[in-house]
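What's counted below: heavy atoms across the whole structure, side chains too, no hydrogens, waters or symmetry copies.
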Amino acid sequence: MLDESFQWRKEMSVNDLTEASIPRWLLEIGGIYLHGYDKEGNKLFWIRVKYHIKDHKTILDKKKLIAFWLERYAKRENGKPVTVMFDLSETGINSIDMDFVRFIINCFKVYYPKYLSKMVIFDMPWIMNAAFKIVKSWLGPEAVSLLKFTSKSDIQDYVSVEYLPPHMGGTDPFKYSYPPLVDDDFQTPLCENGPIASEDEASSKEDIESDGKETLETISNEEQTALLKKINTTEPTSKAEENEKVDSKMKAFKKPLSVFKGPLLHISPAEELYFGSAESGEKKALIVLTNVTKNIVAFKVRTTAPEKYRVKPSNSSCDPGASIDIVVSPHGGLTVSAQDRFLIMAAEMEQSSGTGPAELTQFWKEVPRNKVMEHRLRCHIVESSKPTTLTLKDHAFNMSDKTSEDLYLQLNRLLESNRKLEDQVQRCIWFQQLLLSLTVLSLALVISFFYLLYS
């Protein structure tokens, strides 16, 4: 598989595939693209079969388009599965291309193994029943269970209406167009003081400056009052001592469970934002950004559901070596969904650049796309009333020593059980081999006896 995969990547020049490698008309037609999420939070990989006409002259370009999207997704999501949406509505005999279908299946069997969550086949015409019987033989018994044949009445079992087009009974207003490439449609979320109409609309300087000074809401009112009294007291207190007291309040929130180490920023958590359920009351999540460069790094946070979340700060900058806490909270009682995504964009600024709202707006207009670091975060809902993940409560960051020991002991017991099971299996295999040998020997003796008897 390794050899076949490398040969394929070399022949298709997968690592060098770009938009320029694909004929423009293929990108414009909108037959293959990524958009939306299923109910499990997996990205939807759309294949609109009605736009595909079997043609040996264009088949290589179409295969490259499939490889282009899968490679683009694989580099961004790092192992997160996709759900393939085979939209067979309005298709006919001209669209049946078994070579192309086999290529898609091989992509998920050999070239991108474990990337397939399921394959949803929508509105398959009866004329294609025979073709899909052949497809099932290619997939094998395990993969066949991933095929989901659906119609308008039951497709919502897998994808919610917000990500289904109208002809599937959904409400998604999305209309495919190119250019630019279809992406995740990340938008600017709500800031702490209400919605941001556009990136060009600058926030007041006071709001930006207050981002670094505001204490997180988890500090109680009594603690805030005490803190203010200490700051306003007439007794001489050094600035270093004040900073140390504020830092001690923030320390609990800066313990990363996992860290994505990018070229400009280290981002914690690395992959998922953990939100508590309504019962747990843990509705907020924290993102910690750390600047690992020698220059100021501008960043902004975007989301696929801007109306749902408040993010503070959502557009700011981070000094060299410094860390910034970004608080993410659902807005107006709206519920967190596993389909929601966050995009963190970062770019290095020149030393002479200003970091005010107007300067940041202009900077994002002018910065080249290849200079921008992007990292995506998924949303995860923790059902437990005491989640052990990255939320805005102190206990959420600290797993007790007892819990760690219990986990360690359980792991050891599991490994020991596994070893015992392996030993039992080996003994069974040895016993079966012995039994088989004895049977063969007995049979040989019986044959020899009759041979001698009758000779």
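- P313 and D325 make their closest contact through CD-O, 3.6 Å (heavy atoms, listed as atom of the first residue, atom of the second, distance).
- Of the possible polar contacts, none joining the S5 side chain to the M1 backbone as a donor-acceptor pair under 3.5 Å is found.
- Atom CG of N315 and atom CG of L360 lie 5.5 Å apart (nearest 0.5 Å).
- Atom NZ of K114 has 12 or fewer neighbouring heavy atoms from other residues, nucleotides or ligands inside a 6.0 Å radius.
- Ring centroid separation for the pair H380 and F275 does not come in under the 6.0 Å cut-off.
- Using a 4.0 Å cut-off between charged nitrogen and carboxylate oxygen, E40 and K118 count as a salt-bridge pair.
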Check the pair H167, D87 against side chain to side chain donor-acceptor pair (under 3.5 Å), reporting the backbone distance first and the verdict last. CA-CA 10 Å; H167 75 274; D87 184 2; 2.8 Å; yes

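- Without hydrogens or angle criteria, D319 side chain to A322 main chain gives no donor-acceptor distance under 3.5 Å.
- Between I104 and I47, some side-chain heavy-atom pair lies under the 4.5 Å cut-off.
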Start with the C-alpha distance between Y274 and E272, add both sets of side-chain angles, then the distance that settles side chain to side chain donor-acceptor pair (under 3.5 Å), and finish with yes or no. CA-CA 6 Å; Y274 289 87; E272 292 184 328; 3.1 Å; yes

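- Distance check: E162 CD to L164 CG gives 9.5 Å after rounding to the nearest 0.5 Å.
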Before giving the answer on side chain to side chain donor-acceptor pair (under 3.5 Å), spell out for E19 and Y178 the whole-Å C-alpha distance, their side-chain angles and the decisive distance to 0.1 Å. CA-CA 11 Å; E19 287 179 64; Y178 177 84; 2.7 Å; yes

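- The shortest heavy-atom contact between C107 and I66 is SG-CG2, 4.1 Å.
- By the 4.5 Å heavy-atom criterion applied to side chains, I267 and V288 are not counted as neighbours.
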When you look at L264 and V292, which way does the side chain to side chain contact (heavy atoms under 4.5 Å, CB included) test go after all the steps? CA-CA 6 Å; L264 305 180; V292 294; 5.6 Å; no

Working for side chain to side chain donor-acceptor pair (under 3.5 Å), residues N291 and T293: CA-CA 6 Å; N291 185 351; T293 72; 2.8 Å; yes

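- Rounding to the nearest 0.5 Å places CZ of F45 at 10.0 Å from CE of M119.
- For D154 (side chain) and S151 (main-chain N/O), a donor-acceptor pair under 3.5 Å exists by modelled atom type.
- Scanning all heavy atoms of the two residues, the minimum distance from Y112 to A74 falls at CE2-CB, 4.1 Å.
- Between Y163 and Y37, the gap from one ring centroid to the other is short of 6.0 Å.
- Remark: the backbone N or O of Y73 is not paired with any side-chain donor or acceptor of Y115 at under 3.5 angstrom.
- Here the closest heavy-atom approach between residue V336 and residue C379 is recorded as CG1-CB, 3.9 Å.
- Ion pairing between E348 and K371 fails under the 4.0 Å rule for side-chain N and carboxylate O.
- We find the CE-OG1 distance between M168 and T150 to be 7.0 Å, quoted to the nearest 0.5 Å.
- V367 places a side-chain heavy atom less than 4.5 Å from the side chain of W364.
- Within 6.0 Å of CZ in F6 there are 12 or fewer heavy atoms belonging to other residues, nucleotides or ligands.
- Using a distance-only test at 3.5 Å, with no hydrogens or angles considered, a donor-acceptor pair links the side chain of D340 to the main chain of S337.
- Residues K300 and I344 are not in side-chain contact: their nearest non-hydrogen atoms beyond the backbone lie 4.5 Å or more apart.
- The ring of H35 has its center closer than 6.0 angstrom to the ring center of F174.
- One N or O on the side chain of T303 and one on the backbone of R341 form a donor-acceptor pair closer than 3.5 Å.
- One finds the OG atom of S13 at 9.5 Å from the CG atom of N15 (value rounded to the nearest 0.5 Å).
- Looking only at side-chain heavy atoms (C-beta outward), I326 and V301 come within less than 4.5 Å of each other.
- Of the charged side-chain nitrogens involved, none lies within less than 4.0 Å of a carboxylate oxygen, so that D16 and R9 do not count as a salt-bridged pair.
- A 6.0 Å sphere centred on NZ of K50 holds more than 12 heavy atoms belonging to other residues, nucleotides or ligands.
- The shortest non-hydrogen separation linking M345 to E374 is CE-OE2, 3.9 Å.
- In this structure, the side chains of V84 and L116 come closer than 4.5 Å at one or more pairs of heavy atoms.
- For the pair S117 (side chain) and V82 (backbone), a donor-acceptor distance under 3.5 Å is absent.
- Checked against the 6.0 Å centroid criterion, the rings of Y176 and Y33 qualify as a close aromatic pair.
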Given the rule in the side chain to side chain contact (heavy atoms under 4.5 Å, CB included) test, do L26 and K62 qualify, once you have shown the distances and angles that lead to the verdict? CA-CA 8 Å; L26 261 182; K62 290 173 182 176; 4.0 Å; yes

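- The main-chain N or O of F100 is never found under 3.5 Å from a side-chain atom of H52 such that the two would form a donor-acceptor pair.
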Please determine whether side chain to side chain contact (heavy atoms under 4.5 Å, CB included) holds for the pair L265 and T290, giving the CA-CA distance in whole Å, both sets of side-chain angles, and the decisive distance to 0.1 Å. CA-CA 5 Å; L265 295 174; T290 303; over 6 Å; no

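- Taking CG of L65 as the reference point, atom CD1 of I32 lies at 4.5 Å (rounded to 0.5 Å).
- With hydrogens and angles ignored, the 3.5 Å screen pairs a side-chain donor or acceptor of S21 with a backbone N or O of T18.
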Between F260 and H266, does the ring-ring contact (aromatic ring centres under 6.0 Å, His included) criterion hold? Intermediate values first, please. CA-CA 6 Å; F260 167 78; H266 285 184; 8.4 Å; no

With side chain to side chain contact (heavy atoms under 4.5 Å, CB included) as the criterion, how do E71 and K75 come out once you've worked through the C-alpha distance, each side chain's angles and the decisive distance to 0.1 Å? CA-CA 6 Å; E71 184 71 7; K75 286 178 177 176; 3.2 Å; yes

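- The two residues M12 and A67 have their closest heavy-atom pair at CE-CB, 4.4 Å.
- Contact annotation: the side chain of V120 never approaches that of V159 to less than 4.5 Å [non-hydrogen atoms, C-beta and beyond].
- A centroid separation of less than 6.0 Å is found between the aromatic rings of F342 and Y309.
- Between the side chain of Q362 and the main chain of E359, no donor-acceptor pair closer than 3.5 Å is present.
- Aromatic ring pairs are classed by plane angle as parallel below 30°, tilted from 30° to 60° and perpendicular above 60°; the pair Y111 and W8 is parallel.
- Side-chain contact between D55 and K57 is present, with heavy atoms from C-beta onward closer than 4.5 Å.
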